[in-house]
Amino acid sequence: MVNAQTLFAKRSNDNRAEVLRYSRFIFNGHFILFLSIAFGALMLQYAELLKHLPKGINYHLIIALLLSLGGIAPLRTYFKEADQVFLLAYERQLKDYVKKSIIAAFIKHAVIWSLFFALLYPLYHAGAHFYFIGMIGAYLFGVAAILLGLLVRWSAMKLGISNLSVNILLFIILMAGIYNSLEGVYFTALTELLFLGGLLYLMNSIAKNYVFKWDDIIDYEQELTQRQYKTINMFTDVKGLKDNVRRRRFLDGLLKQPAADYNHEGMFLYLFKRNFARSKDAFWIIIRLVVIGGIVIWLVRQPVIAVIIGIFIVYIVVLQSSQFYKQQAYQLWPQVWPVREQLVMDGFRKFLWQLSLSAALLIALLYIACYPGHFYYAVLFFVIMWWTNQQVMGKLKKKMTLLKD
């Protein structure tokens, strides 16, 4: 017989197995090598920064801001849409289920937050005012606030309070408590923790006899699931990712083309461009990859390492763009307006070249701006772009040939 605890354990294990399955595709040899190089370069820059810290900057405030943002923990309950029907009669017996989900979320986030805290500890130690007790106090306050925050979030779900409001409240409390602890004002930090505990007690008292707001709980869980899929989808294709559509008027110029190109030959180039320009998720995945690559290139301050990072970003952008072929070629448009399969492939090839060339050009300009003395390395971005395009198109053609057979 399945009880509440075993049900949560099964769903948690299923989610973990899914993430591990995708991780095998993400953390291959190339990506691990890239992460090792990027992490090593950033740690070298961090060490140099600690040796020559600029004066007149409130580092306690910066540390508190970063730790506060990292301390807002999501609550994964793994509730599904069908639960509002099949588990409706068992709400009273789901306390153990919710308790397990809160404990699991706390342990996971506390470990991640602790590693983040350890990463920022040297910056606090190198500052002008270092208090050992303040460091311990900030850590204990953060861990306690994460646990209380998860409990507050669940009570807020039962009361129908928006998660945005909870996030703002937790951020303010975390920010104030951690900053005061780092500054050595321990009594104020303790007062803020007591305030959060009192708020939790009040919310629990009000929500004691409330039933689950299934719609809000399930919507929140689906939002977290889609966020997880979007992160994975930055590196590999994910089943179950819902891609919404949104018009971006500032990109309408990309969709304009001469009237003579509105024919069979230009049909799929237009559709691929339109899908990219108005895709809510895929568009921002490419943008985030380029922005993250640009930031890392600027931070490492090592020309050769920056080239390696830039090459990897261009490589990932091209691979990520390959998903657009399946989004258009296997859907309704070829049936409504049937064309030769080769025209679909030609349209995608042109789209892929335009998108990857734009990304490579942006990365190259960023690299040249950061390292003008080594501008000639930027040629490698376009070489990798050309090579990856050839590989992607070759695999697509081979796949289509096998499907025909």
Side-chain angles (χ1 to χ4, degrees), residues 22 24-41 232-238 254 268-269 272-273 275-276 282-283 285-298 300 302-329 341-372 374-403:
Y22 285 119
R24 291 199 297 268
F25 298 102
I26 298 173
F27 295 100
N28 51 37
H30 299 89
F31 190 50
I32 292 176
L33 178 61
F34 163 76
L35 288 178
S36 301
I37 294 172
F39 182 76
I232 297 173
N233 198 53
M234 293 176 69
F235 306 97
T236 187
D237 292 340
V238 179
L254 297 176
F268 272 90
L269 173 59
F272 285 126
K273 290 167 63 175
N275 179 271
F276 174 73
F283 174 81
I285 286 173
I286 300 298
I287 297 298
R288 281 197 294 266
L289 285 171
V290 174
V291 170
I292 291 171
I295 292 173
V296 176
I297 286 172
W298 173 68
V300 295
Q302 298 288 336
V304 176
I305 296 176
V307 166
I308 296 173
I309 293 169
I311 287 173
F312 183 81
I313 294 298
V314 172
Y315 176 75
I316 288 294
V317 166
V318 178
L319 289 185
Q320 181 62 37
S321 303
S322 64
Q323 66 174 310
F324 292 111
Y325 181 81
K326 290 180 288 185
Q327 290 178 359
Q328 292 295 343
E341 188 178 289
Q342 185 58 43
L343 293 179
V344 182
M345 193 74 70
D346 290 343
F348 177 72
R349 186 182 67 252
K350 293 175 183 177
F351 163 77
L352 186 62
W353 274 98
Q354 292 177 12
L355 180 59
S356 58
L357 182 61
S358 300
L361 186 60
L362 279 174
I363 295 294
L365 291 175
L366 284 168
Y367 180 83
I368 293 172
C370 294
Y371 311 98
H374 300 81
F375 67 93
Y376 44 85
Y377 283 151
V379 176
L380 295 174
F381 301 147
F382 299 98
V383 173
I384 291 297
M385 179 209 72
W386 175 84
W387 178 81
T388 312
N389 270 275
Q390 296 295 105
Q391 295 295 313
V392 168
M393 294 307 302
K395 289 181 179 179
L396 283 178
K397 291 179 180 178
K398 183 178 180 181
K399 184 176 181 179
M400 296 309 298
T401 303
L402 291 174
L403 288 175

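Along the sequence shown, residues are numbered consecutively beginning with 1.
Take Val291 and apply the side chain to side chain contact (heavy atoms under 4.5 Å, CB included) test, not counting sequence neighbours, and it matches Ile287, Ile295.
Between Val290 and Val317, some side-chain heavy-atom pair lies under the 4.5 Å cut-off.
The OG1 atom of Thr388 sits 6.5 Å away from the OH atom of Tyr315 when rounded to the nearest 0.5 Å.
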I'd like a table of donor-acceptor pairs (distance under 3.5 Å, sequence neighbours excluded) in which one partner is a side-chain atom from residues 304-312, with atom names and distances.
none

Please list every donor-acceptor pair under 3.5 Å in which a side-chain atom of residues 351-367 meets a protein atom from a residue at least two apart or in another chain.
unit_1: Ser356; atom_1: OG; unit_2: Leu352; atom_2: O; d: 2.7
unit_1: Ser356; atom_1: OG; unit_2: Trp353; atom_2: O; d: 3.3
unit_1: Ser356; atom_1: OG; unit_2: Asn389; atom_2: ND2; d: 3.1
unit_1: Ser358; atom_1: OG; unit_2: Gln354; atom_2: O; d: 2.9
unit_1: Tyr367; atom_1: OH; unit_2: Pro303; atom_2: O; d: 3.2

